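It should be emphasised that the depicted structure is a prediction, and the values quoted were computed from it without experimental measurement.
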Amino acid sequence: MTSLGMTPAEVKRAIRQSSLTPIRRGWYGMPGCDPNVRRAVELGGALTCWQALGPAGAWEPVSSDGLLHVRVPERAGALKLAKVHTAPVAAGRCPILDPIDPPALAALCAVKCLPRHEVVAILDSMIRAGIMHPDDVYATLEYGGWTGRRVASSLDPSAESGLESILRLRLSALRVRFRTQAWIRGCGRVDFLIGDRLVVEADGRAFHTGEVAHQRDVDRDNALKALGYLPYHFTYADVVSKDRYVEAILRPVISRGEHRWTQRNCLWRRSGLTDPDLGRGANWG
């Protein structure tokens, strides 16, 4: 979006031919350029935070304010219809050199801007998508101070979606041990296994649609129940939009001790089968 590598005469010719459009001094836009990027440049800054990371493949939260996230120089004031960001002091001077912030800088702005569960979901997805190496992510979060270190302690790139990352943090509030990506013989991998038998699945907005997929889910739930497992499913809205809804549903179940095997509910043992829990998965909680 800049004139780098072009002579002034070439820039003028490109403007006359409509292949470049002046945006602000020294910055030009090409036909079809992202309108958010163009607006950020018009405002004298760079597109940042989750809006800079989403196009690269990171998980994108649902924006509730509708504002454009723009990083500007320290001297800049408030901008109309924009969420203004500045680089953390610990990161040193970060001049505006590109129309879109690099991943590390955009991630730092997200740490300062978004709730922890959304930042964790974004960074998990960045590591999973190869946008940043895990070591680089942890090094970057050191510049985020106490908040950055708290985010770093919550990361788990084995999560297959931002929804799973957020659900993992919801479950951690229950203060009970659980495993992610656990395997059960005859049923396959489940998103979360709390205690011995409480299975929790995250169903995304565009997931498990259609008759075949629905029947597959029903069959798997029936197989889990036949062994004595207790499956629960939570939708995107349940996890992201309903504050403490997951905790409110699961806390009474755990308080009653239903997440543990008992002589009554351990159906696989009563049937003479071997333990179906294959013991795989990461420990959390």
Problem - Validation row: Arg185, Thr274 side chains within 4.5 angstrom (heavy atoms) - result: yes
Fill in the blank from the handout: Scanning both residues in full, the closest heavy-atom pair of Ile127 with Pro157 reads CG2-CB, 3.6 Å
Practice task
Would you kindly confirm whether Val137 and Ile166 end up in one hydrophobic cluster when ILVMFWY residues are joined by side chain heavy atoms under 4.5 Å apart?
Solution key: yes
Problem - hydrophobic_cluster_shared for Tyr229 and Leu198, side chain cutoff 4.5 Å - result: no
Handout entry: Trp50 and Val119: CA distance, side-chain angles, deciding distance, side chain to side chain contact (heavy atoms under 4.5 Å, CB included) verdict
Key = CA-CA 9 Å; Trp50 67 269; Val119 178; over 6 Å; no
Fill in the blank from the handout: For Val72 and Gly45, the nearest pair of non-hydrogen atoms, with its separation, is CG1-CA, 4.2 Å
Exercise for the section: Treat each ILVMFWY residue as a node, draw an edge where side-chain heavy atoms are under 4.5 Å apart, and state whether Val253 and Val176 are in one component. Expected result: yes
Completion exercise
Tightest non-hydrogen contact, residues Gly162 and Ala121, listed as O-CB, 3.6 Å
Completion exercise
Here the gap from Leu174 atom CG to His259 atom NE2, rounded to the nearest 0.5 Å, amounts to 9.5 Å
Practice task
Quick one: do Tyr232 and Ile249 satisfy side chain to side chain contact (heavy atoms under 4.5 Å, CB included)? Show the steps, please.
Solution key: CA-CA 9 Å; Tyr232 278 79; Ile249 294 296; 3.9 Å; yes
Exercise for the section: Classify the angle between the aromatic ring planes of Trp59 and Tyr236 as parallel (below 30°), tilted (30 to 60°) or perpendicular (above 60°). Expected result: tilted
Exercise for the section: Give a yes or no on whether a salt bridge exists between Arg168 and Glu164, defined as a side-chain N under 4.0 angstrom from a carboxylate O. Expected result: no
Practice task
Give the intermediate values and the outcome of salt bridge (Lys or Arg N to Asp or Glu O under 4.0 Å) for residues Arg39 and Asp34.
Solution key: CA-CA 9 Å; Arg39 181 57 180 159; Asp34 188 315; over 6 Å; no
Exercise for the section: For the pair Asp191 (side chain) and Ala202 (backbone), establish whether a donor and an acceptor sit closer than 3.5 Å, ignoring hydrogens and angles. Expected result: yes
Handout entry: His69: which of His85, Lys83, Gln51 passes side-chain hydrogen bond (donor to acceptor under 3.5 Å, both in side chains)
Key = His85
Problem - Trace of the side chain to side chain contact (heavy atoms under 4.5 Å, CB included) decision for Ser165 with Asp156 - result: CA-CA 7 Å; Ser165 296; Asp156 178 16; over 6 Å; no
Practice task
Please round to the nearest 0.5 Å and tell me the distance separating atom OH of Tyr245 and atom OG1 of Thr235.
Solution key: 7.5 Å
Handout entry: Beyond-backbone contact of Arg179 with Asp277, side-chain heavy atoms, under 4.5 angstrom
Key = yes
Problem - Distance, nearest 0.5 Å, that separates CD1 of Ile100 from CG of Leu105 - result: 12.5 Å
Problem - Nearest heavy atoms of Pro55 and Glu60, plus distance in Å - result: N-OE2, 4.3 Å
Exercise for the section: Output yes when a side-chain donor or acceptor of Arg177 lies under 3.5 Å from a complementary backbone atom of Ile194, and no otherwise. Expected result: no
Problem - Test log, rule side chain to side chain contact (heavy atoms under 4.5 Å, CB included), inputs Leu141 and Arg150 - result: CA-CA 9 Å; Leu141 290 174; Arg150 189 168 180 235; over 6 Å; no
Exercise for the section: Write out all pairs satisfying salt bridge (Lys or Arg N to Asp or Glu O under 4.0 Å) with one or both partners inside residues 99-118, taking only residues at least two apart or from two chains. Expected result: Arg71-Asp101
Handout entry: Backbone N/O of Ile122 and side chain of Ser125: donor-acceptor pair under 3.5 Å
Key = yes
Problem - Euclidean distance, Arg244 CZ relative to Arg170 CZ, rounded to 0.5 Å - result: 9.0 Å
Problem - Transitive ILVMFWY side-chain link Val120 to Phe192, under 4.5 Å - result: yes
Exercise for the section: Kindly work out whether a path of hydrophobic side-chain contacts (I/L/V/M/F/W/Y, heavy atoms less than 4.5 Å apart) joins Leu230 to Leu227. Expected result: no
Handout entry: salt bridge (Lys or Arg N to Asp or Glu O under 4.0 Å): pairs with one or both residues in residues 248-268, sequence neighbours excluded
Key = Asp196-Arg260, Arg256-Glu258
Exercise for the section: Provide the closest heavy-atom pair for Thr140 versus Leu108 in the form atom of the first, atom of the second, distance. Expected result: O-CD2, 3.4 Å
Handout entry: Residue pair Val70 / Val84, side-chain heavy-atom distance below 4.5 Å
Key = no
Handout entry: Spatial distance of atom CG (Asp217) from atom CG (Asp203) [nearest 0.5 Å]
Key = 6.5 Å
Handout entry: Atom of Ala40, atom of Leu47 and distance for their closest heavy-atom approach
Key = CB-N, 3.5 Å
Problem - Point-to-point distance, once rounded to the nearest 0.5 Å, from CH2 of Trp27 to CD1 of Ile96 - result: 7.5 Å
Exercise for the section: Just jot down the salt bridge (Lys or Arg N to Asp or Glu O under 4.0 Å) partners of Asp221, sequence neighbours excluded, or say none. Expected result: none
Practice task
Report yes or no: does Asp219 contribute a side-chain atom to a donor-acceptor pair with the main-chain N or O of Arg216 at less than 3.5 Å?
Solution key: no
